[in-house]
Amino acid sequence: MNDSPIAALEAELRELLGDRGVSVELAARQRASTDGAHLSPVIKEQLPLGLAELVAYPASAELIAATVAAAVRHGIPITPRGKGTGNYGQAIPMAGGLVLDMSRARAITEVGDGFITAEAGASMAALEQAANKAGQQILMYPSTANSSLGGFLSGGSGGTGSIKHGSNSQGFVAALDVVHAVADASLVHVAGEAAQPYVHNYGTAGIIARATVVTEPLQDWRGFFASFDTFEQAISVIREIGALEPTPRLVSADLATLANALPPDPAIPADRASLRAILDLSTVAAATALVESAGGRVEDVREGAQATMRISMMSYNHPIEFLQKVYPDRYFHVEVSGDALVDRIDEVHAVYPGGMLHIEAQHERPIGMLAGVYSSAEEVFAGFEKLTELGVGYHNPHQWFVDFEPERTAALAATTDPQRLLNPGKLVAPSVSTGAKVS
């Protein structure tokens, strides 16, 4: 008879969740122990980083709390998971234990005037659709629009809508129902400023089971596609297009090599630099004039949520993912920011062999993903100093450490996770440089 803590927890969870709500099958444990970390060749070389011993699939916020309580009573580490679309290992169970898969807890419980409330497993695309039906839109959603609400709040940062609204830690969250790692865990409601410390810390200080996020009146958006002879022409207008009023939801641009790797589309002609944007209808004419003044041409203007969602799925990390599919095991990327991405683009490209920038307009200054040909982790990290010398801020995506307000998170976790059972390995002192902002 197996009387291990894992076996005891499995038995308790089968009573709580039913046989379909728990798995110890190897295939299920392997699936639950991976995320998009293959995007980083540095992390890929270190895989596997952990393997779940047990996977639970609670189907409601209340069952999430009950599952956490059971795991704590048995002293089992808990790694929260949405849809596993994160790119850097934040959802890998480095201490084994329980993976808490929340993808079945996906009810949208209320759509009100200026807010929407949903369980952690609800997809961001579903929230946007529900808000749209009520004449509203959520302030932002990630480029992986089908990622979960809990995953986006715990591990994401920004995306479509961030030009105006910044990151998901800047007024996007109105309230949360969170679960602390205590033996009598229940849903703890936090609102306003009290909710913010639970955002973007990978569930290390509390697991988000339900969230209320802010909405605004629905706008009449258009998908805008332009192309240019050169990347320099494209980026010469990206700040101006991003500054149009009403503010665009997204403005992305790529040089021809990256654009050629994107999914085939007649509005993204081969061997030309591409600019794609989600624009308020009232600004399409002004954006057209800017494109043409820079020597470009407008390829198409499309209506409808499907068109704008498609543009979202070609922004932020996604061009790098498409590039890696075309050229397997060749490229890595670093997240970068600053006006030097436009003003000193040749020097930025020269930081890494084969350097290519995917750029995004942002609410303060441009941001982007700088791709390069991968040879070693040491070469990737050596480029950070060069970027800093150019006035380029960087974030190192080749690591899984909590690097947003880590001191605040650690102070909170001392109370909310006294046994250090929540997502072990993430809220620790980083062993590598995680990033530096533009001075």
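Just the heavy atoms: all of them, side chains too, but no hydrogens, waters or symmetry mates, feed the values below.
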Only pairs at least two apart or in different chains count here, so list each salt bridge (Lys or Arg N to Asp or Glu O under 4.0 Å) that has a residue in residues 118-144. Glu128-Arg249
Tell me if a side-chain donor or acceptor on Gln324 pairs with a main-chain N or O of Tyr331 at a distance below 3.5 Å. yes
Which atom pairs, donor and acceptor, lie under 3.5 Å between side-chain atoms of residues 149-163 and protein residues at least two apart or in another chain?
unit_1: Ser154; atom_1: OG; unit_2: Gly150; atom_2: O; d: 2.9
unit_1: Thr160; atom_1: OG1; unit_2: Ser312; atom_2: OG; d: 2.7
unit_1: Ser162; atom_1: OG; unit_2: Gly159; atom_2: N; d: 2.8
unit_1: Ser162; atom_1: OG; unit_2: Gly159; atom_2: O; d: 3.2
unit_1: Ser162; atom_1: OG; unit_2: Gly166; atom_2: O; d: 2.7

Show, in sequence, the C-alpha distance, side-chain angles and deciding distance for Thr79 and Ile92, and conclude whether the side chain to side chain contact (heavy atoms under 4.5 Å, CB included) test is met. CA-CA 7 Å; Thr79 301; Ile92 292 177; over 6 Å; no
Could you walk me through whether Arg239 and Asp343 pass salt bridge (Lys or Arg N to Asp or Glu O under 4.0 Å), step by step? CA-CA 11 Å; Arg239 289 177 291 195; Asp343 301 332; 3.0 Å; yes
Using only heavy-atom distances, determine whether the side chains of Gln136 and Thr215 contain a donor-acceptor pair under 3.5 Å. yes
Would you mind listing every salt bridge (Lys or Arg N to Asp or Glu O under 4.0 Å) that reaches into residues 279-294, with sequence neighbours excluded? none
Give a yes-or-no answer on whether the side chains of Trp221 and Glu303 include a donor-acceptor pair shorter than 3.5 Å. no
What pairs with Phe332 under ring-ring contact (aromatic ring centres under 6.0 Å, His included), at least two apart in sequence or on another chain? Tyr352
Give a yes or no on whether the backbone of Asn146 and the side-chain of Lys83 come within a donor-acceptor separation of less than 3.5 Å. yes
What side-chain donor-acceptor pairs closer than 3.5 Å can you find for residues 406-416, not counting sequence neighbours?
unit_1: Thr409; atom_1: OG1; unit_2: Glu405; atom_2: O; d: 3.0
unit_1: Thr416; atom_1: OG1; unit_2: Ala205; atom_2: O; d: 2.5
unit_1: Thr416; atom_1: OG1; unit_2: Leu412; atom_2: O; d: 3.1

State whether Arg222 and Asp220 are salt-bridged, where the test is any N-O pair (Lys NZ or Arg NE/NH1/NH2 against Asp/Glu carboxylate O) under 4.0 Å. yes
Main-chain N/O of Val237 paired with Glu240 side-chain donor or acceptor, under 3.5 Å: no
Parallel, tilted or perpendicular: rings of His200 and Tyr202 (30°, 60°): perpendicular
Set of residues satisfying side chain to side chain donor-acceptor pair (under 3.5 Å) with respect to Asp329, sequence neighbours excluded: Lys44
The single option from Asn396, Val432, Val351, Val392 that satisfies side-chain contact (heavy atoms from CB on, under 4.5 Å) with Phe384 is Asn396
Do side-chain atoms of Tyr198 reach the backbone of Asn201 as a donor and acceptor pair under 3.5 angstrom? no
Are His398 and Ser40 linked by a side-chain donor-acceptor pair shorter than 3.5 Å? yes
Are Thr288 and Phe224 side-chain neighbours, meaning at least one heavy-atom pair lies under 4.5 Å? yes
Does a donor on one side chain sit under 3.5 Å from an acceptor on the other, for Tyr374 and Glu45? yes
Min side-chain heavy-atom separation Lys164-Gln362 under 4.5 Å: no
Between Gln137 and Glu216, is any side-chain donor less than 3.5 angstrom from a side-chain acceptor? yes
Distance to the ring centre below 6.0 angstrom and angle to the axis at most 45 degrees; does that hold for Arg302 and Phe225? yes
What I want to find out is whether Arg276 reaches Asp254 closely enough, with some N-O distance under 4.0 Å, to be called a salt bridge. yes
Just by modelled atom types, is the Leu421 backbone N or O under 3.5 Å from a matching donor or acceptor in the Asp417 side chain? yes
Do the non-hydrogen side-chain atoms of Tyr88 and Leu39 ever get within less than 4.5 Å of each other? yes
Between atom OG of Ser236 and atom CD1 of Ile345, what is the distance when rounded to the nearest 0.5 Å? 12.0 Å
Calculate, to the nearest 0.5 Å, the distance between atoms CG and CD belonging to Leu51 and Gln30 respectively. 6.5 Å
Can Glu360 and His358 be counted as having a side-chain donor-acceptor contact under 3.5 angstrom? yes
